[in-house]
Structure formats: C-alpha cells, structure tokens
Amino acid sequence: MTATHAHASPIPDSPQDPAALHGPVIAWFEQHARDLPWRRPEAGAWGVMVSEFMLQQTPVARVLPVYEQWLARWPRPADLAAEEPGEAVRAWGRLGYPRRALRLHGAAQAIAERHGGEVPSDHAQLIALPGIGEYTAAAVASFAYGQRHAVLDTNVRRVLARASTGVQYPPNATTAAERRLARALLPVEEATAARWAAASMELGALVCTARNEDCGRCPIADRCAWRLAGKPAHEGPARRGQSYAGTDRQVRGRLLAVLREATSPVPQAVLDTVWHEPVQRARALDGLVADGLVEPLDGGRYRLPSGRPATR
DNA sequence: TAGTCGTGGCA
DNA sequence: TTGCCAAGACT
C-alpha cells in the first residue's frame, strides 16, 4: 500500500498544505499557552526531563506540586543520583506507575556518570537512558534544546489524525504512517519546528481533546479534514480500556503505598493486611521486588530500595 | 504486537 | 455509577 506515500509534494494553499497549519497553530499558542513551570527558562533541560517523566500518562494538574518539590530537592541530576532510589520512589507519591521514578533515578545516575552531569542534547544519547523512549527523547531535544524533531505524543497524534488524516482518533499504537506524516509536517527551520511541536501538543491538550473537542476555539477548524468531513465517528474496534479493580496493579499500589509512608522496615504481617487473597498478594509483592521497587530484608521485612546489594 | 504497569477526575 | 482518559516505556 503506497497510496499515502509522503513523496507527493503538497499542493500550496490546499487544506493539506503542511505549512498552512504552522502559522495559525503557533499564533494560537502564543496567545493561549499555559504558563507551566517546565516551560520557563529557569527550568533548564533537567526540569524539562523531569516533567516529561512525570507527564507520561499522568495529567498536568497532578504533576505540578510533585514537580516543584522534586526540583527544589534535586535541582541537578547529580543531586538525585546521590540519593537512594527508594527516596525517588517515595517522593514520586501518588503519580502512578512508580517504575518511572526508578527509571528517572537511573537516568540521573547515567547522566552523572556518563554525561558530566548535563542532560544530553543528542537524541540517540537521550533514548539510551532508562525511561526515555522515542517520544520523550524527541520532547527533551525539542523543548529543552530547540531541536527539530517529530514529537508524537497522544495529543499530537490526535490533532494530526483529525486535521490531516480526517479521522476522529489515531490508531492504538503509533504507526509508520503517523511518523511519516509528522515528519512531512515538520517545519524546515529548527526553531519553528520546536515551536510547532509545543504548539500542536498544546492544541491537542486544550482544544482538540479526546472528548468534547472545541472546534469553535480551534485555529485550524476551517481546514480540519475531520471537521470538513462532518466529524464522522470512530470506526473499528473500541479502544481497549484498562481495567484496574482487582488486578495485580491495584495490589501493587496498595503495597507500595504502605512502604512509601513507612519510616522503618515494614513486617510482612503489615503488608498482608492490604489484600485478602494470599496468592495474588504474594505475586504482587514478588513483582515489586523483581522490579526493584521493593527490597526484602532479613526476618520477612520490606523497605523501599536502598540501591545497595541485598544483605544475607 | 499486545499486555503490563498506578492513580484519580470527570462525563 | 462506571468507563474513559491522562506529554509512554518496556517486554
């Protein structure tokens, strides 16, 4: 299937002309961008990187207070690297997906050891760090260093799906076609590309939202392929929801909540109170230990990870 | 590639 | 009330 190949040059002034999107979206961004702490100059690359870790699957409103505390306590990567990983997990609080805290700690250690304490600006070096994938590497390189990258997060994917492809929602997993489209739409000039990345993401976050999109406030509503097509409803299989109640994830969450609040090692008997079913409870705890989120001690006690080899 | 991995707010 | 959704990464 080559019908959507990106070689065809866009028709100037047509609704699909890539350049036609940049101006209005960036102009809208100048007017409506939220004043977020990681967008201020003083945030630096480390602030941008910390925010990106926290924002992976967690809403801005819940990230804000934790971000502020985190940066105040660990203003540089080396400061976090010097801490026990368990302190990162504790400070992570209830942001969810606590493995991100462990990975951020690991990334800080790698930055301290391999990059002289400075967040690398090179995409390949960024993506080699734990917890940084294709999106986060592009986001840090673009937002912190002003580079030209296709920054494909869930917001941008939705904006492109609607404005350019003409469908309500993007596919479940990012496709090669989406990457091609995003690259084709990328402004040529580096600084403009970086602005476009932030602007298109913000548009998806504030206006072109998953539910109750507000086309009345959209700067490109007049050329949005989905809207021009009459906003047809999503076809195909429903996006698989993520169940939670009764899963191992819920049990893991309860176990870790106890350990986060504890100031000294927690006996097994205390952890046993968080879940009634012993098999699932044990499996969840084993999983946390295997993930490095929990450290078993002598005498059936547990704590957040110290970063030291287990004693025997 | 599809499953797993937290948490909480909102329609 | 409950399902959907939120700046993904990893296996």
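Each chain gets a letter, A, B and so on, in the order the sequences are listed, and its residues count up from 1. This one's a predicted model, so the numbers in the text were calculated from it and none came from an experiment.
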Q) Between B/dG3 and C/dA7, how far is it from one P atom to the other, in whole Å? A) 23 Å
Q: Would you classify A/L36 as touching base, sugar-phosphate or nothing, given that sugar-phosphate means primed atoms plus P, OP1 and OP2, and contacts are heavy atoms under 4.0 Å?
A: base
Q: Would you classify A/T136 as touching base, sugar-phosphate or nothing, given that sugar-phosphate means primed atoms plus P, OP1 and OP2, and contacts are heavy atoms under 4.0 Å?
A: sugar-phosphate
Q. In terms of side-chain geometry, is the basic nitrogen of A/E202 or A/R39 positioned less than 4.0 Å from the acidic oxygen of its partner?
A. yes
Q) Any chance CD of A/Q147 has more than 12 other-residue heavy atoms, nucleotides or ligands included, within less than 6.0 Å? A) yes
Q | Residue met sooner reading DNA chain C from 5', once A/R34 and A/I127 are mapped to nucleotides | A | A/R34
(Q) From C-beta outward on A/R252, which listed nucleotide comes closest to its side chain: C/dC5, B/dG6, C/dC10? (A) B/dG6
Q: Could you check whether A/R157 gets within reach of a base, just the sugar-phosphate, or nothing at all, counting any heavy atom under 4.0 Å?
A: nothing
**Q.** Interatomic distance, A/F29 CZ vs C/dA7 P [rounded to whole Å]
**A.** 14 Å
Q: Provide, to the nearest angstrom, the distance between the CD atom belonging to A/Q250 and the P atom belonging to B/dG8.
A: 11 Å
Q: Establish whether A/V140 and A/W38 are linked, either directly or via other cluster members, by ILVMFWY side-chain heavy-atom contacts under 4.5 Å.
A: yes
Q: Side chain of A/T154 only, please: which of C/dG8, B/dG6, B/dT7 is the nearest?
A: C/dG8
Q: Using whole Å, report how far CG of A/N155 lies from P of C/dC5.
A: 13 Å
Q. Counting any heavy atom closer than 4.0 Å, what does A/F53 reach on the DNA or RNA strands: base, sugar-phosphate only, or nothing?
A. nothing
**Q.** Interatomic distance, A/Y244 OH vs C/dT2 P [rounded to whole Å]
**A.** 17 Å
Q. Hey, is A/D79 close enough to A/R76 for a salt bridge, meaning N to O under 4.0 Å?
A. yes
(Q) Using modelled atom types and a 3.5 Å cut-off, is there a donor and acceptor pairing between side-chain atoms of A/R162 and backbone atoms of A/Q168? (A) yes
**Q.** Separation of atom CD in A/Q168 from atom C1' in C/dC4, rounded to whole Å
**A.** 13 Å
Q.
As a test of reading the structure: which of B/dC5, C/dG8, B/dG6 is closest to the side chain of A/R99, going by heavy atoms?
A. B/dC5
Q. Nearest-Å distance, CG (A/L95) to P (C/dG8)?
A. 14 Å
Q.
Counting only heavy atoms and a strict 4.0 angstrom limit, can you tell me which residues of residues 262-273 of chain A come near DNA chain C?
A. none
Q. Pick the nucleotide of DNA chain C nearest each of A/G131 and A/E202; which residue has the one closer to the 5' end?
A. A/E202
Q: Tell whether A/R62 reaches the base of B/dT7 with its side chain through a donor-acceptor pair below 3.5 angstrom.
A: yes
Q: Could you pick out which residue, A/A173 or A/N212, lies toward the 5' side of DNA chain B when each is mapped onto its nearest nucleotide?
A: A/A173
Q. Considering only C/dC10, B/dC5, C/dG8, which nucleotide approaches the side chain of A/R103 most closely?
A. C/dC10
Q. With no hydrogens and no angle check, is any side-chain donor or acceptor of A/Y145 less than 3.5 Å from a backbone partner on A/A45?
A. no
Q | Exercise: do A/E52 and A/T136 side chains pair donor with acceptor under 3.5 Å | A | no
Q) Does the A/R223 side chain pair with the main chain of A/L21, one donor and one acceptor, at a distance under 3.5 Å? A) no
Q) If you look at every strand shown and take non-hydrogen atoms under 4.0 Å, does A/R283 touch a base, only sugar-phosphate, or nothing? A) nothing
Q | OP1 or OP2 of C/dA6 under 4.0 Å from side-chain N/O of A/R158 | A | yes
Q | Under 3.5 Å donor-acceptor pair, A/T58 side-chain atoms to B/dG6 base atoms | A | yes
Q. Within the structure shown, what part of the strands sits under 4.0 Å from A/L256 by heavy-atom distance: base, sugar-phosphate, or nothing?
A. nothing
Q) Base, sugar-phosphate, or nothing: which does A/V60 touch, judged by heavy atoms less than 4.0 Å apart? A) base
Q: Answer yes when A/E83 and A/R73 have at least one side-chain N-carboxylate O distance shorter than 4.0 Å, and no when they do not.
A: yes
Q. For the side chain of A/Y135, counting heavy atoms from C-beta on, which of C/dA6, B/dG6, C/dA7 is nearest?
A. C/dA7
Q | Below 4.0 Å: OP1/OP2 of B/dT7 and any side-chain N or O of A/R260 | A | yes
Q.
Say we look at B/dG8 and C/dA9: how far apart would their P atoms be, to the nearest angstrom?
A. 23 Å
Q) Are the side chains of A/R281 and A/D272 in touch, meaning some heavy atoms are under 4.5 Å apart? A) yes
Q) What's the CG-P distance between A/L102 and B/dT4, to the nearest Å? A) 21 Å
Q) With a 4.0 Å cut-off on heavy atoms, is A/R211 in touch with a base, just the backbone sugar-phosphate, or nothing at all? A) base
Q. Just to confirm, is there a sub-4.0 Å distance from OP1 or OP2 of C/dA6 to any side-chain nitrogen or oxygen of A/Q57?
A. no
Q. What is the nucleic acid contact for A/W38, judged by heavy atoms within less than 4.0 Å: base, sugar-phosphate only, or nothing?
A. base
Q. Is any side-chain nitrogen or oxygen of A/Y97 closer than 4.0 Å to OP1 or OP2 of B/dT7?
A. no
Q: Could you check how far CG of A/D214 sits from P of B/dA11, rounded to whole Å?
A: 14 Å
